[in-house]
There are 2 protein chains.
Amino acid sequence: MGMATPRNYRLTSQRQTLLGLIRQQEGHLDAIELYRRAQELQPRISLSTVYRAMHFFKQLGLIEEHRFEQDHLHYEAKPKVEHCHLICLRCGRISEFQSPQTDKLKKEVEHEKNFKVASIQIHLQGYCDQCQGKQFFEVDNRE
Amino acid sequence: MGMATPRNYRLTSQRQTLLGLIRQQEGHLDAIELYRRAQELQPRISLSTVYRAMHFFKQLGLIEEHRFEQDHLHYEAKPKVEHCHLICLRCGRISEFQSPQTDKLKKEVEHEKNFKVASIQIHLQGYCDQCQGKQFFEVDNRE
DNA sequence: ATATCTGCAAATAATTTGCAGCACA
DNA sequence: TGTGCTGCAAATTATTTGCAGATAT
């Protein structure tokens with residue numbers, strides 16, 4: 001809200017730690033997991049710092065934020081090649097998929113709508129190979 | 001959590017009202033707005049009922065849930081034709097875009113990964129026609 | 001030297017849930 | 001006649017924020 005945009009940014013040890021963690025990770029992490037891992041390297045780091053750093057990295061275009069089926073965010077380093085996430089509505093597993101359609105879609109949007117795309121999120125929800133046939137009303141698949 | 005999946009569903013007046021509202025709406029609505037509109041038709045309806053109905057409709061595949069840049073969900077009737085949402089990071093406006101790539105992508109996923117797609121969400125964040133050139137670090141565009 | 005960042009604790013706000021009564025089938 | 005649904009109030013939980021002290025540049 002009242003938070004003015006700073007004119008200079010600092011590369012603090014916390015930010016280095018967090019960016020390192022998120023970059024060395026294949027795929028995505030949530031705030032709590034990042035916090036746990038960061039604590040092993042910097043015991044006094046706080047959860048707010050994790051959230052603030054994620055917000056900061058996002059503004060810089062270094063990471064992407066995803067909200068899957070759950071109620072909290074996941075973060076991942078911005079990949080070289082765009083990919084889709086396939087989210088299984090039964091087992092909750094999330095896998096990735098790359099397709100040339102993604103890039104075509106982006107170009108279409110840029111040309112036809114004159115919309116400058118900064119990041120893309122493509123989520124396909126459904127039933128994975130192993131979970132097919134069991135899909136109806138499996139509302140509560142936890143525990 | 002412990003909520004067992006019911007064997008029979010009931011078409012209550014609340015559910016009729018809510019499904020009616022969401023279907024007559026072009027585009028998406030959030031829980032509060034749905035609640036306001038529903039109250040005009042059924043003054044004693046509660047916000048929990050709205051949330052519970054959305055969860056129910058989602059399980060039935062009648063609606064889609066979207067989390068845009070904000071911290072709360074939006075709901076919309078499942079459309080006949082898939083579309084993408086373009087979200088402007090500066091003005092916050094959300095527009096829609098249809099493309100044949102969407103359907104191709106879906107078919108690819110179904111064939112190559114044997115993943116049964118139930119719903120798709122494609123969000124492109126970036127800068128719209130009017131907001132281009134003003135994009136850098138416009139962190140706080142509210143008020 | 002000073003603007004920016006951090007940790008801590010407290011606040012915020014969306015969504016979920018327990019429960020007791022109501023109502024559809 | 002009983003399972004499923006609702007309203008209400010209270011709980012939960014992710015995320016944000018205020019502030020005072022620390023730190024990068």
Side-chain angles (χ1 to χ4, degrees), chain A residues 1-19 21 28-36 38-39 41-60 62-63 65-75 137 139-143, chain B residues 1-19 21 28-36 38-39 41-60 62-63 65-75 137 139-143:
Chain A
M1 207 84 74
M3 173 84 110
T5 304
R7 269 182 291 295
N8 299 293
Y9 298 104
R10 291 182 189 167
L11 184 53
T12 61
S13 62
Q14 290 90 335
R15 287 177 176 178
Q16 288 182 57
T17 298
L18 290 166
L19 194 57
L21 285 171
H28 44 81
L29 292 169
D30 60 19
I32 295 289
E33 183 57 29
L34 267 166
Y35 176 52
R36 286 203 198 96
Q39 272 186 313
L41 304 167
Q42 288 189 245
R44 291 184 47 82
I45 201 170
S46 79
L47 189 52
S48 335
T49 297
V50 174
Y51 280 112
R52 282 190 275 225
M54 293 308 108
H55 185 248
F56 174 73
F57 296 151
K58 192 185 167 198
Q59 295 303 320
L60 290 173
L62 300 176
I63 62 163
E65 240 178 33
H66 294 278
R67 183 95 60 169
F68 299 117
E69 282 304 281
Q70 294 144 316
D71 55 0
H72 60 275
L73 291 162
H74 286 248
Y75 307 94
F137 301 129
V139 176
D140 188 9
N141 39 272
R142 290 149 297 177
E143 194 263 332
Chain B
M1 203 87 75
M3 173 84 109
T5 304
R7 270 182 291 294
N8 299 293
Y9 298 103
R10 288 180 190 167
L11 184 53
T12 60
S13 61
Q14 290 89 335
R15 288 177 174 177
Q16 288 183 58
T17 299
L18 290 166
L19 194 56
L21 285 171
H28 44 83
L29 292 168
D30 61 18
I32 296 289
E33 183 58 28
L34 266 166
Y35 177 52
R36 286 204 199 92
Q39 273 186 314
L41 304 167
Q42 288 189 243
R44 291 184 44 82
I45 200 169
S46 79
L47 189 50
S48 337
T49 297
V50 174
Y51 281 112
R52 282 191 274 228
M54 292 308 110
H55 185 249
F56 173 74
F57 295 152
K58 192 185 167 199
Q59 294 303 322
L60 291 173
L62 300 176
I63 63 163
E65 238 179 36
H66 294 276
R67 182 98 54 169
F68 299 117
E69 282 304 278
Q70 294 144 315
D71 56 358
H72 60 274
L73 291 162
H74 286 248
Y75 307 94
F137 300 130
V139 177
D140 188 10
N141 38 271
R142 288 150 296 177
E143 194 256 335

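Just so we're on the same page: letters track the sequence lines, and every chain starts at 1. Bear in mind that the values here come from a model prediction, so they are computed numbers and not experimental data.
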With side-chain hydrogen bond (donor to acceptor under 3.5 Å, both in side chains) as the criterion, how do Thr49(B) and Gln14(B) come out once you've worked through the C-alpha distance, each side chain's angles and the decisive distance to 0.1 Å?
CA-CA 8 Å; Thr49(B) 297; Gln14(B) 290 89 335; 5.7 Å; no
Could you tell me which residues satisfy ring-ring contact (aromatic ring centres under 6.0 Å, His included) with Tyr51(A), sequence neighbours excluded, listed by chain and number?
none
Using a 4.0 Å heavy-atom cut-off across all strands, classify Ile32(A) as base, sugar-phosphate, or nothing.
nothing
Could you state the atom-to-atom distance from NE2 of His74(B) to P of dA14(C) in whole Å?
11 Å
How would you label the contact of Leu73(B) with the nucleic acid (heavy atoms, under 4.0 Å): base, sugar-phosphate, or nothing?
sugar-phosphate
Whole angstroms only, please: what is the CG-P distance between Leu47(A) and dT15(D)?
9 Å
Out of dG7(D), dG7(C), dT15(D), which has the shortest distance to the side chain of Arg44(B)?
dG7(D)
Expressed in angstrom and rounded to an integer, what is the separation of His55(A) atom NE2 from dA14(D) atom C1'?
15 Å
Rounded to whole Å, please give me the gap between CG in Asp30(A) and C1' in dA14(D).
11 Å
For the pair made of CD1 in Ile45(B) and C1' in dC5(D), what is the distance, rounded to whole Å?
12 Å
Which word best sums up how the rings of His74(B) and His28(B) line up, parallel for under 30°, tilted for 30 to 60°, or perpendicular for over 60°?
perpendicular
How does each nucleotide of nucleotides 19-25 of chain D score, in 5' to 3' order, for protein heavy atoms under 4.0 Å: base (B), sugar-phosphate only (S), or none (-)?
----BBS
For Glu65(B) and dA14(C), give me the distance from atom CD to atom P, rounded to whole Å.
15 Å
Side chain of Arg15(B) (C-beta onward), nearest among dC5(D), dT15(D), dT17(C)
dC5(D)
Provide, to the nearest angstrom, the distance between the CZ atom belonging to Phe68(A) and the P atom belonging to dA14(D).
16 Å
Does Tyr51(A) make a side-chain N or O approach to OP1 or OP2 of dT15(D) shorter than 4.0 Å?
yes
Measuring to OP1 and OP2 of dG7(C), would you say a side-chain N or O of Thr49(A) lies under 4.0 angstrom away?
yes
Among Tyr35(B), Phe56(B), Phe57(B), the one residue meeting side chain to side chain contact (heavy atoms under 4.5 Å, CB included) with Leu18(B)
Phe57(B)
Any donor-acceptor N/O pair, Arg15(A) side chain to Ala53(A) backbone, under 3.5 Å
no
Sorted by position of nearest nucleotide on DNA chain C, 5' first, the leading residue of Ser46(A) and Arg67(B) is Ser46(A)
Under 4.0 angstrom between Gln14(B) side-chain N/O and dG7(D) OP1 or OP2:
yes
CG of Asp71(B) versus C1' of dA11(C): gap in Å, rounded?
14 Å
Value rounded to 0.5 Å, distance of NE2 in His55(B) from OG in Ser48(B):
14.0 Å
Minimum heavy-atom distance Leu47(B)-Ala31(B), with the two atoms named:
CD1-O, 4.1 Å
